[in-house]
Amino acid sequence: MSTMIEIKDLSFRYPQQTEYALKNVSLEIQAGEWVAIIGHNGSGKSTLAKVIDGLELPETGEIKINGQVLNPKTVWDIRKEIGMVFQNPDNQFVGADVAGDVAFGLENQAIPRDEMIERVQRALEAVDMAEFSDHEPGKLSGGQKQRVAIAGVLAVAPRIVIFDESTSMLDPQGRRDIIALIREMKEKRGFTVLSITHDIDEAALADRIVVVKKGEIKKVGTPATVFTYGDKLIELGLDIPYQERLKAEMKKQGYDVPQDYLSTEGMVEWLCQSILND
């Protein structure tokens with residue numbers, strides 16, 4: 001794998017603020033990797049996404065996207081490599097209908113009309129929204145709106161997609177649908193994916209998790225590694241998966257529980273085996 005995002009000693013603070021929103025952050029993300037960035041409100045995780053996309057420029061440090069240093073001269077070229085899906089898709093809509101909205105990014109790149117129509121259609125089909133192409137975006141459900149926002153990203157075909165709390169406003173089914181789409185974008189389409197999220201179930205599907213607190217990276221590792229920190233994550237203001245909480249309670253009751261992280265399916269399988277063995 002090649003390095004898609006490289007961050008070295010990055011620090012950033014907003015104007016008129018003395019506290020740094022990001023402090024000496026260093027991180028490498030490989031091409032095709034899915035990284036979930038988690039932390040409580042105000043931890044700096046969304047600020048990190050904005051800095052990576054060039055929406056904010058760091059005070060110190062360096063960011064490279066696909067080997068190119070991010071600076072005021074390169075920011076517009078680099079943004080072509082990155083697509084962002086925000087928490088509230090209504091803030092992204094600019095078109096009068098779904099197809100027009102998905103086409104907006106292509107229009108900005110002066111893509112020929114015939115090619116644009118084809119790319120919009122493919123993008124809408126990919127998110128199962130082709131039948132809504134002439135609908136008004138504002139009248140769609142929350143999950144459908146996020147699908148349209150994702151279609152807009154697919155149409156311009158960036159290398160990196162950043163999901164900034166993109167599932168937080170959805171109902172459980174809508175959340176599952178969008179997480180499934182994120183997984184498909186990574187596994188079948190080869191995108192490098194960053195999830196800025198509070199959703200532990202979403203983070204558990206990523207290749208790696210980055211834990212951020214007060215602008216600093218506290219832990220980096222696979223979900224299996226990070227979630228075994230248990231109470232230490234709670235001290236950082238974060239939740240842990242239900243199966244890890246269940247293991248902790250069972251351990252208090254004297255049960256010999258697995259030390260390794262278990263997915264939901266793995267926990268069910270272990271419980272069933274334990275019951276049969278008893």
Side-chain angles (χ1 to χ4, degrees), residues 1-7 27-38 45 48-49 52-53 65-67 80-87 89 102 105 118-130 142-168 170-211 220-227 241 243 260-269:
M1 281 190 195
S2 59
T3 301
M4 182 58 67
I5 301 172
E6 184 177 0
I7 303 169
L27 180 68
E28 286 191 11
I29 298 172
Q30 303 306 308
E33 190 177 19
W34 178 0
V35 173
I37 302 176
I38 63 175
K45 58 187 186 299
L48 180 58
I52 290 172
D53 192 42
I65 304 297
N66 198 27
K80 293 178 182 178
E81 304 272 14
I82 303 172
M84 288 194 72
V85 181
F86 295 98
Q87 182 181 51
V102 175
E118 182 179 342
R119 287 170 67 170
V120 168
Q121 180 65 21
R122 286 204 310 266
L124 287 173
E125 288 174 355
V127 298
D128 294 326
M129 288 296 291
Q144 289 172 331
K145 289 177 181 179
Q146 283 295 32
R147 286 175 176 272
V148 173
I150 292 171
V153 169
L154 290 174
V156 296
R159 293 174 181 265
I160 302 164
V161 183
I162 302 174
F163 293 88
D164 190 1
E165 301 283 7
S166 304
T167 63
S168 63
L170 303 178
D171 60 34
Q173 185 58 54
R175 188 177 297 115
R176 286 191 292 269
D177 289 345
I178 296 305
I179 290 173
L181 265 175
I182 295 173
R183 195 171 193 172
E184 180 180 327
M185 291 172 73
K186 185 262 180 185
E187 294 180 352
K188 295 184 179 180
R189 298 175 183 272
F191 286 100
T192 302
V193 175
L194 272 68
S195 295
I196 313 299
T197 184
H198 282 95
D199 189 329
I200 293 299
D201 292 328
E202 178 180 337
L205 295 173
D207 297 311
R208 284 192 297 155
I209 293 176
V210 177
V211 181
V220 181
T222 64
T225 300
V226 171
F227 289 149
Q243 57 269 29
D260 294 336
Y261 169 74
L262 295 176
S263 65
T264 301
E265 294 78 8
M267 189 66 181
V268 170
E269 182 178 350

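Because the structure is predicted, anything quoted here is derived from the model rather than measured.
Under the 4.5 Å side-chain criterion, counting only non-hydrogen atoms from C-beta, I29 is in contact with R208.
Remark: the Q144 side chain and the R147 side chain contain no N/O donor-acceptor pair separated by less than 3.5 Å.
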- Message: side-chain contact (heavy atoms from CB on, under 4.5 Å), that's the test. Do K186 and D207 meet it? Break it down for me.
- Response: CA-CA 10 Å; K186 185 262 180 185; D207 297 311; 3.0 Å; yes

- Task: Start with the C-alpha gap between V127 and V148, add the side-chain angles, then the distance that decides, and say whether side-chain contact (heavy atoms from CB on, under 4.5 Å) holds.
- Result: CA-CA 8 Å; V127 298; V148 173; over 6 Å; no

- Please lay out, stage by stage, how L205 and W34 fare under the test side-chain contact (heavy atoms from CB on, under 4.5 Å). CA-CA 8 Å; L205 295 173; W34 178 0; 3.7 Å; yes

- Decide yes or no on side-chain contact (heavy atoms from CB on, under 4.5 Å) for V210 and L48, but give the supporting numbers first. CA-CA 11 Å; V210 177; L48 180 58; 5.7 Å; no

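Contact detail for L154 and F191: the closest heavy-atom pair is CD2-CE1, 3.6 Å. When all heavy atoms of A151 and V102 are compared, the pair lying nearest together is O-CG1, 3.7 Å. What you find for E33 and Q30 is that their closest heavy atoms are OE1-N, 2.9 Å. Taking each heavy atom of A203 and P223 in turn, the nearest pair found is O-CG, 3.9 Å. In this structure, T3 and I5 approach most closely via the heavy-atom pair CG2-O, 3.5 Å. Contact between G143 and I178 at its shortest, heavy atoms only, is O-CD1, 4.0 Å.
Remark: side-chain polar atoms of T192 are paired, donor with acceptor, to backbone N or O of G32 under 3.5 angstrom.
With sequence neighbours excluded, no residue satisfies salt bridge (charged side-chain N to carboxylate O under 4.0 Å, His left out) with D171. For E184, the salt bridge (charged side-chain N to carboxylate O under 4.0 Å, His left out) partners at least two apart in sequence or on another chain are R189.
The pair K45-E165 meets the salt-bridge criterion, with a side-chain N (NZ, NE, NH1 or NH2) lying under 4.0 Å from an Asp/Glu carboxylate O.
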Please tabulate, one pair per line, all N/O donor-acceptor pairs under 3.5 Å involving side-chain atoms of residues 80-87, not counting sequence neighbours.
residue : atom : partner : partner atom : Å
E81     : OE1  : R159    : NE           : 3.0
Q87     : NE2  : S168    : OG           : 2.8

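Note that CD1 of I209 and OG1 of T225 are 9.5 Å apart. Values are rounded to the nearest 0.5 Å.
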